[in-house]
There are 4 protein chains.
Amino acid sequence: MTKREQVLETTLNLITDLGFHATPMALIIKKSNVAAGTIYHHFKNKEDLIDTLYSELKAEMGKAIIQGINEELIYKEKFFRIWKNLFLFFLNNPKKFEFLEHYAHSPLIRKEIKQVSKSYYRPAIDFIESGIKLGILRELPVDISINLIFGNISTFVRMILLEEIVFNEELLEKTIQSSWDSIKTN
Amino acid sequence: MTKREQVLETTLNLITDLGFHATPMALIIKKSNVAAGTIYHHFKNKEDLIDTLYSELKAEMGKAIIQGINEELIYKEKFFRIWKNLFLFFLNNPKKFEFLEHYAHSPLIRKEIKQVSKSYYRPAIDFIESGIKLGILRELPVDISINLIFGNISTFVRMILLEEIVFNEELLEKTIQSSWDSIKTN
Amino acid sequence: MTKREQVLETTLNLITDLGFHATPMALIIKKSNVAAGTIYHHFKNKEDLIDTLYSELKAEMGKAIIQGINEELIYKEKFFRIWKNLFLFFLNNPKKFEFLEHYAHSPLIRKEIKQVSKSYYRPAIDFIESGIKLGILRELPVDISINLIFGNISTFVRMILLEEIVFNEELLEKTIQSSWDSIKTN
Amino acid sequence: MTKREQVLETTLNLITDLGFHATPMALIIKKSNVAAGTIYHHFKNKEDLIDTLYSELKAEMGKAIIQGINEELIYKEKFFRIWKNLFLFFLNNPKKFEFLEHYAHSPLIRKEIKQVSKSYYRPAIDFIESGIKLGILRELPVDISINLIFGNISTFVRMILLEEIVFNEELLEKTIQSSWDSIKTN
DNA sequence: CATGAATGAGGTTTCATTCAT
DNA sequence: GATGAATGAAACCTCATTCAT
């Protein structure tokens, strides 16, 4: 593990645990066993460190979403697959989930970075658009559909992580179904 | 307007615009026309100020939710009413919306405060529970249903505020419908 | 007990327990059940409060020193009496002892106040001077003798209060004797 | 001279001149030609700075006490030597004297620090104990004898520094003698 | 690439004091 | 005499960042 990676991982852990405002560089330096100068060798400044972290996590998430999707599946199967992909990525990476959720709408991440990061889930957008064209999905603005789905997944994940519900396959299917019912045509 | 109210209002505006870490007390002091000591007379420290703000806004939101609900309405009408109540509260109070959304899952707000604040939407929880008992809503954990609905509303509001979609009555009805379809029994 | 007395007593207790720097007016106000303004009605400011306390305690100490001294006693008996008087005053008033000891040489108490307070143990000074004239005490500067005696008493008291030694009559006599041996002529 | 040493020396001077509460960190920073952060790099906070200063001065004093003591000297000569060593250390280092005296019994210095500092004059304690065993000194608790001697020295030094007496060899001998007479057997 | 002592602007908070009631 | 909300200067300390090694 390189120093650079150590820093990014430590930052992720600290920021999700304590929040940005309670995570000074000094703490990141201490917990990642790195010298102050080393961080500034790899990242321009604190903002750049956060932006980089956000950006890399978004890319990782983008990759996770499309795993196992192939053209043999029918539309609804693809939808279920994507939903589960994202769900599992979040569930298995709770810190990354926390971070991405929290800073998605924060003034802390520069808009430019958010814009670039959006490209990572271009495939998801395309998928929704095609669904509408095919008449499988309702005529809602794509971003609404996208956000409805993402929102549902993140709510579901959060509740499992906070142990407000106990996960089981049946509940998972019901929840995906409830997502599907909210976007499919009747 | 008391000094205390001045401080809370200014804090809400500044924090939503700039973020917590970019809102120094000095700025709150200046913009609320109050002396430094006065803030610390009313609030223990910066954290307590934020906690108080969060708590009071949650209470206000709780009141907004149940307006106009009476026993003459049928279940689905009540649901639509509640959905619109919350939607309008957020849309008409964008700063409050921003703040509540952003700090809902932040380590900044003490867990104790979050717990207390939860009581403010007790009526909503009761409403969902009764819907399930009556067989109108699916057998999903109440908190999931609640969060699905809240999540949908907030996604919808955010997109209107960010001007990613243009609001109209038809779209509103479609969106509520998509929420309703995700929780109602088939 | 008047409000003024409440304030003085609370101040004595807090300052000896916490030190001057850790005893803000706000704490004195709280612990003495008095309003901020009330203190400033009785004392010009914080310095005046401390000065007054010091001054009144010195006066009280002055009175204690000369109790039971009458002309029927021989010189050495008077010395033992005075020594015990001061010893008992300190032992029975540990907070007053602490305070007087600590602020005796502190830049906190205005020199003017110290000067005035000195007059309270004029009788002790006269007593030493007469001892030297009578040839009973050594030819040492009066202030040295005075301070040697006071120093010994305070050391003795402090050790009892800190439970570094256990008090008994025999030890008391030995200690006074050691004081007497250090100033009497051979 | 390191930055750390600069800070300690400046602190000693300022605190003895003005007192703790009248010596803001800003003044220490200015007078020691150091940046604010530099102090906090070396010391945890203001209290730690004072504690460290106290501790280091005690150690220095401990070293001074035992200079020139060797086994060829008889007991009384050693006593006179030790007395003079401490006397001279205080007289030649008036600021250190002031500081050590003033904070010896102050709640400002943490008890833990005081405990550790006590070890620095272990040799003096051993010396007194051996004197009692040899029958040269009275059967008084060691700490009493120690404190009586220290008390006398400090009273003497203080009076010279305050110019309440004029120092000369004869007076010095008389004062040591008065100390000796208070602890030796008759 | 890596280090960590040093920086100093600016952060949060304290605190003696006032004054209208 | 007594109250306590309000004041704002100044206190302590933090923190992102630099730079000589």
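A, B, ... follow the sequence lines: proteins, then strands. Residue 1 opens every chain. Keep in mind that the numbers below use all heavy atoms, side chains included, and drop hydrogens, waters and symmetry copies.
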Close side-chain approach of Phe99(A) to Lys95(A), heavy-atom, < 4.5 Å:
no
Taking CE from Met25(A) and C1' from dG10(E), how many angstroms apart are they, rounded to a whole number?
18 Å
In whole angstrom, give the distance that lies between atom NE2 of His21(D) and atom P of dA10(F).
15 Å
Between CE of Met1(D) and P of dA6(E) the distance, given in whole Å, is 14 Å
Does any N or O in the side chain of Ser55(D) come within less than 3.5 Å of the main-chain N or O of Asp51(D), such that one atom is a donor and the other an acceptor?
no
Would you indicate whether the side-chain heavy atoms of Val7(A) and His42(A) approach each other to under 4.5 Å?
no
Assert: residue with more 5' nearest nucleotide on DNA chain E, out of Lys3(A) and Thr23(C), is Lys3(A)
Atom pairs and distances, side-chain donor-acceptor, residues 27-40 of chain B, under 3.5 Å, sequence neighbours left out:
unit_1	atom_1	unit_2	atom_2	d
Ser32(B)	OG	Ile28(B)	O	2.4

Heavy atom of residues 30-53 of chain C under 4.0 Å from DNA chain E: which residues?
Ala36(C), Gly37(C), Tyr40(C), Asn45(C), Lys46(C)
What I'd like to find out is whether the side chain of Tyr120(B) reaches to under 4.5 Å of the side chain of Leu57(B), using heavy atoms alone.
no
Please state how far atom CG in Leu108(A) lies from atom P in dA16(F), giving the value in whole angstrom units.
12 Å
When you measure from the centre of the six-membered ring of Phe20(D), is the NZ or CZ of Lys46(D) under 6.0 Å away and within 45° of the axis?
yes
Secondary-structure stems, DNA chain F, at least 3 Watson-Crick or G-U base pairs under 3.5 Å:
E:2-21 with F:2-21
Among dT17(F), dT3(E), dC15(E), the one nearest Ile29(A) by side-chain distance
dT17(F)
Do other residues, nucleotides or ligands put more than 12 heavy atoms under 6.0 Å from the CD atom of Glu9(D)?
no
How far does the C1' atom of dT21(F) sit from the matching atom of dC1(E), given to the nearest Å?
13 Å
So if I apply the side chain to side chain donor-acceptor pair (under 3.5 Å) rule between Lys96(C) and each of Glu60(C), Glu56(C), Glu101(C), which one comes out positive?
Glu60(C)
